[in-house]
Undergrad: 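Dropping the structure in here first, questions after.
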Amino acid sequence: MYNPYEIREEFPILQREVYGKKLIYLDNAATTQKPLCVIEAITEAYTNVNANVHRGVHFLSQKATEQYEDARETVRAFINARHRHEVIFTRGTTESINLVAASFGESFLQSGDEVIVSTMEHHSNIVPWQLLVERIGIKLRVIPLTADTKLDVEAYRALFNEKTRFVSITHTSNVLGVTNPVKEFINIAHEHNVPVLIDGAQSVPHKKVDVQELDADFFVFSGHKIYGPTGIGVLYGKEEILNRMSPYQGGGEMIQTVRFEKTTFNELPYKFEAGTPDYVGAIALAKALDFVSAIGIENIAAHEQYLTRYALEQLKEIPAMHIFGQPDGSAISFLVGDIHPADLGTLLDRLGIAIRTGHHCAQPLIDYFGIPGTVRASFALYNTCEEVDALVAGINRVAKMFG
């Protein structure tokens, strides 16, 4: 086990004050803060190896290319992909899902085909498929929730028919903090020869992910949610499916030859990495993954699960507290009486406590509950029980103001 108090020293922003109060950052499901090693990796790359990758014979280009491809290998090992070329760098989870929706859709879907998503999806895993509804004429099928706000496995089974072509579901809900049994969902889909995409934006920072053990056809996540920089993310896809998919974007790097008569495309992974990549972001993401690996993802998970249990115990003691779902991850969404979430969030901010309010880019789920939004507290490896205590005290203070 590691010491979160010592780890906090690695995060410069956690030392600052907000409105004269020490910052308590509990908005980690939106984005995590960055350790010094990641910040320094960005500076180091721009200072010493800044050159376009793959395209130059000079020293800087060779070094930048080497570090970029080393970063790909770091990602491969972190999620246990079979091949390095199954790792594609994108701008984040959103672009990764859009890439699959567009390229898989163009290659394999036609009018009347069906794609399964779930009630608890982030907008990033709804809207790209809705665009295919408009462009191609596919149909979107939605996995409902059970009474205890979990995905209904039996209802999911019943959604499959001869028109089902794809499943795209979240690993861990960014609102409810519940982790779905995606291995079971994948197995069911594969019984029907249907490929599955897993949105791992909220799972990769908090638990060990092995894409081969899951047998996921696609797995996506964002760097900024696992202590890396913004604007960099990952799409993992099985080699055999990626090879059959059409390119997502055209331009440099993703080609072998270009003639006015015909263009031939590059091999994996470059077929899906058009233009100059964010090689500095990839290098810094690798540093973030190394940082997490050095601490131990199992140690991080144990700490965050303890913190979540501790927080749930404290929050449940607050009068008129309503916690949504049964969180087993590191995010807790709640409302207190009739206090609007934006009011609660604004007043907590004045106490130096950063939490999230609103629909969390999951409006269908919020509509399911019939509420305007929630307050969400989400934890990371550097959060402490004292910060949870401050959150609870802050909520009680605001609640008294509202009577």
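Since the model is a prediction, treat every value here as computed from it, not as a measurement.
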Undergrad: Measuring from Glu121:CD to Ser124:OG, what's the distance to the nearest 0.5 Å?
TA: 10.0 Å

Undergrad: Closer than 3.5 angstrom, by distance alone: can the side chain of Ser107 be matched with the main-chain N or O of Phe104 as a donor-acceptor pair?
TA: no

Undergrad: If you apply the rule side-chain hydrogen bond (donor to acceptor under 3.5 Å, both in side chains), what do you find for Ser168 with Asn125, and how did you get there?
TA: CA-CA 7 Å; Ser168 193; Asn125 203 20; 2.6 Å; yes

Undergrad: Working to the nearest 0.5 Å, report the span between SG of Cys385 and CD of Gln314.
TA: 8.5 Å

Undergrad: Do Leu365 and Leu176 touch side chain to side chain, with heavy atoms closer than 4.5 Å?
TA: yes

Undergrad: Determine the sole option in Ile97, Thr90, Asn98 for which the side-chain contact (heavy atoms from CB on, under 4.5 Å) test with Thr94 is passed.
TA: Asn98

Undergrad: Say whether Tyr279 and Asn52, considering side chains only, have a donor N or O and an acceptor N or O under 3.5 Å apart.
TA: no

Undergrad: Check whether any side-chain N or O of Glu10 sits under 3.5 Å from a backbone N or O of Pro35 as a donor-acceptor pair, and report yes or no.
TA: no

Undergrad: Is any side-chain heavy atom of Phe166 closer than 4.5 Å to one of Ile116?
TA: no

Undergrad: Go through the side-chain N and O atoms of Thr172 and Thr179 and say whether any donor and acceptor fall under 3.5 Å apart.
TA: yes

Undergrad: If I compare all heavy atoms of Ala342 with all of Thr357, which pair ends up nearest, and what's the gap?
TA: CA-OG1, 4.1 Å

Undergrad: Is there a side-chain contact between Thr119 and Ile143 in this structure, where contact means two heavy atoms from C-beta onward sitting under 4.5 Å apart?
TA: no

Undergrad: Quick check: are there more than 12 heavy atoms from other residues, nucleotides or ligands sitting under 6.0 Å from NZ of Lys208?
TA: yes

Undergrad: Determine, stepwise, if the pair Arg397 / Leu351 fulfils side-chain contact (heavy atoms from CB on, under 4.5 Å).
TA: CA-CA 10 Å; Arg397 181 173 172 180; Leu351 300 175; 3.3 Å; yes

Undergrad: Taking NZ, NE, NH1 and NH2 as the nitrogens, is one of them in Lys238 or Asp215 under 4.0 Å from a carboxylate oxygen of the other?
TA: yes

Undergrad: Do Phe89 and Leu285 come close enough that some side-chain heavy atom pair is under 4.5 Å?
TA: yes

Undergrad: Before giving the answer on ring-ring contact (aromatic ring centres under 6.0 Å, His included), spell out for Phe291 and Phe11 the whole-Å C-alpha distance, their side-chain angles and the decisive distance to 0.1 Å.
TA: CA-CA 12 Å; Phe291 175 81; Phe11 293 82; 5.8 Å; yes

Undergrad: Before accepting this row, confirm whether a basic side-chain N of the pair Glu304/Lys207 lies closer than 4.0 Å to the acidic partner's carboxylate O.
TA: no

Undergrad: How long is the gap from CD1 on Ile339 to CE on Met401, to the nearest 0.5 Å?
TA: 9.0 Å

Undergrad: Between Phe379 and His303, is the ring centre distance below 6.0 Å?
TA: no

Undergrad: For the pair His54 and Tyr68, evaluate ring-ring contact (aromatic ring centres under 6.0 Å, His included) and give the outcome as yes or no after the intermediate values.
TA: CA-CA 9 Å; His54 298 141; Tyr68 181 60; 5.7 Å; yes

Undergrad: Quick one, Ile395 and Val375 - any side-chain contact, counting heavy atoms below 4.5 Å?
TA: no

Undergrad: Looking only at side-chain N and O atoms, does His85 offer a donor or acceptor that is under 3.5 Å from a partner on Glu239?
TA: yes

Undergrad: Can you establish whether the number of heavy atoms outside Asp338 located under 6.0 Å from its atom CG is more than 12?
TA: no

Undergrad: Please check if the side chain of Thr74 supplies one atom and the backbone of Asp70 the other of a donor-acceptor pair under 3.5 Å.
TA: yes

Undergrad: Knowing that exactly one of Asp199, Ile79, Val209 qualifies, which makes a side-chain contact (heavy atoms from CB on, under 4.5 Å) with Phe221?
TA: Ile79

Undergrad: Does atom OH of Tyr306 have more than 12 heavy-atom neighbours, drawn from other residues, nucleotides or ligands, at distances under 6.0 Å?
TA: no

Undergrad: Going through the distances and angles, do Glu40 and Lys287 end up as a salt bridge (Lys or Arg N to Asp or Glu O under 4.0 Å)?
TA: CA-CA 10 Å; Glu40 290 168 352; Lys287 184 64 68 172; over 6 Å; no

Undergrad: Give me the one residue out of Leu23, Asp27, Leu26 that meets side-chain contact (heavy atoms from CB on, under 4.5 Å) with Ile353.
TA: Leu26

Undergrad: Taking all atoms of both residues into account, what is the closest heavy-atom pair of Asn383 and Ser378, and its distance?
TA: OD1-O, 4.1 Å

Undergrad: Near Arg8 CZ, under 6.0 Å, is it more than 12 heavy atoms from other residues, nucleotides or ligands?
TA: yes

Undergrad: Taking the side chain as C-beta and beyond, is there a heavy-atom pair between Arg16 and Val18 under 4.5 Å?
TA: yes

Undergrad: Please find the pair of heavy atoms, one from Ala362 and one from Val175, that lie closest to each other, and give the distance.
TA: CB-CG2, 3.7 Å

Undergrad: Would you sort out whether Phe218 and Tyr236 count as a ring-ring contact (aromatic ring centres under 6.0 Å, His included), showing the intermediate values?
TA: CA-CA 5 Å; Phe218 300 96; Tyr236 156 80; 8.0 Å; no

Undergrad: Charged N to carboxylate O below 4.0 Å: is that the case for Lys22 and Glu387?
TA: no

Undergrad: Which heavy-atom pair separates Lys225 from Ala30 by the least distance, and what is that distance?
TA: NZ-O, 2.9 Å

Undergrad: Is Lys63 reaching over with its side chain to a backbone N or O of Val49, donor-acceptor style, under 3.5 angstrom?
TA: no

Undergrad: Leu14 and Gln33: which non-hydrogen atoms are nearest, and at how many Å?
TA: CD2-CG, 4.3 Å

Undergrad: Would you call Arg244 and Phe108 a side-chain contact if the rule is heavy atoms closer than 4.5 Å?
TA: yes

Undergrad: Taking the six-membered ring for Trp, are Tyr156 and Phe160 parallel (under 30°), tilted (30 to 60°) or perpendicular (over 60°)?
TA: perpendicular

Undergrad: For Ser222, which of Thr32, Thr93, Thr31 qualifies under side chain to side chain donor-acceptor pair (under 3.5 Å)?
TA: Thr93

Undergrad: Rounded to the nearest 0.5 Å, what's the gap from OH on Tyr19 to CG on Asp349? Could you check?
TA: 4.5 Å

Undergrad: Should Glu273 and Arg72 be marked as a salt bridge (Lys or Arg N to Asp or Glu O under 4.0 Å) after you check the CA-CA gap, both sets of side-chain angles, and the distance that decides it?
TA: CA-CA 13 Å; Glu273 293 182 354; Arg72 198 186 306 276; 2.8 Å; yes

Undergrad: Describe, in one word, how the ring planes of His123 and His359 are oriented to each other, choosing from parallel (under 30°), tilted (30 to 60°) and perpendicular (over 60°).
TA: tilted

Undergrad: Compare every heavy atom of Ile88 with every heavy atom of Pro269, then report the nearest pair and how far apart it is.
TA: CB-CG1, 3.9 Å

Undergrad: Under 3.5 Å, is there a donor-acceptor pair linking the side chains of Gln363 and Asp367?
TA: no

Undergrad: Would you call Lys163 and Glu114 a salt bridge, using N to O less than 4.0 angstrom?
TA: no

Undergrad: Any side-chain to backbone donor/acceptor pair from Asn266 onto Glu253? Under 3.5 Å, distance only.
TA: yes

Undergrad: Any sub-3.5 Å donor-acceptor pair from Lys183's side-chain atoms to Ala216's backbone N or O?
TA: no

Undergrad: How about Thr230 and His224: does a side-chain donor come under 3.5 Å of a side-chain acceptor?
TA: no

Undergrad: Establish, from distance only, whether the side-chain atoms of Thr308 and Ser330 form a donor-acceptor pair under 3.5 Å.
TA: no

Undergrad: Can you check whether Arg76 reaches Arg82 side chain to side chain, under 4.5 Å on heavy atoms?
TA: no

Undergrad: Working to the nearest 0.5 angstrom, can you tell me the gap between Ile371 CD1 and His322 NE2?
TA: 7.5 Å

Undergrad: Let me confirm one number: the CG-OG1 distance from Leu335 to Thr374, rounded to the nearest 0.5 Å.
TA: 6.0 Å

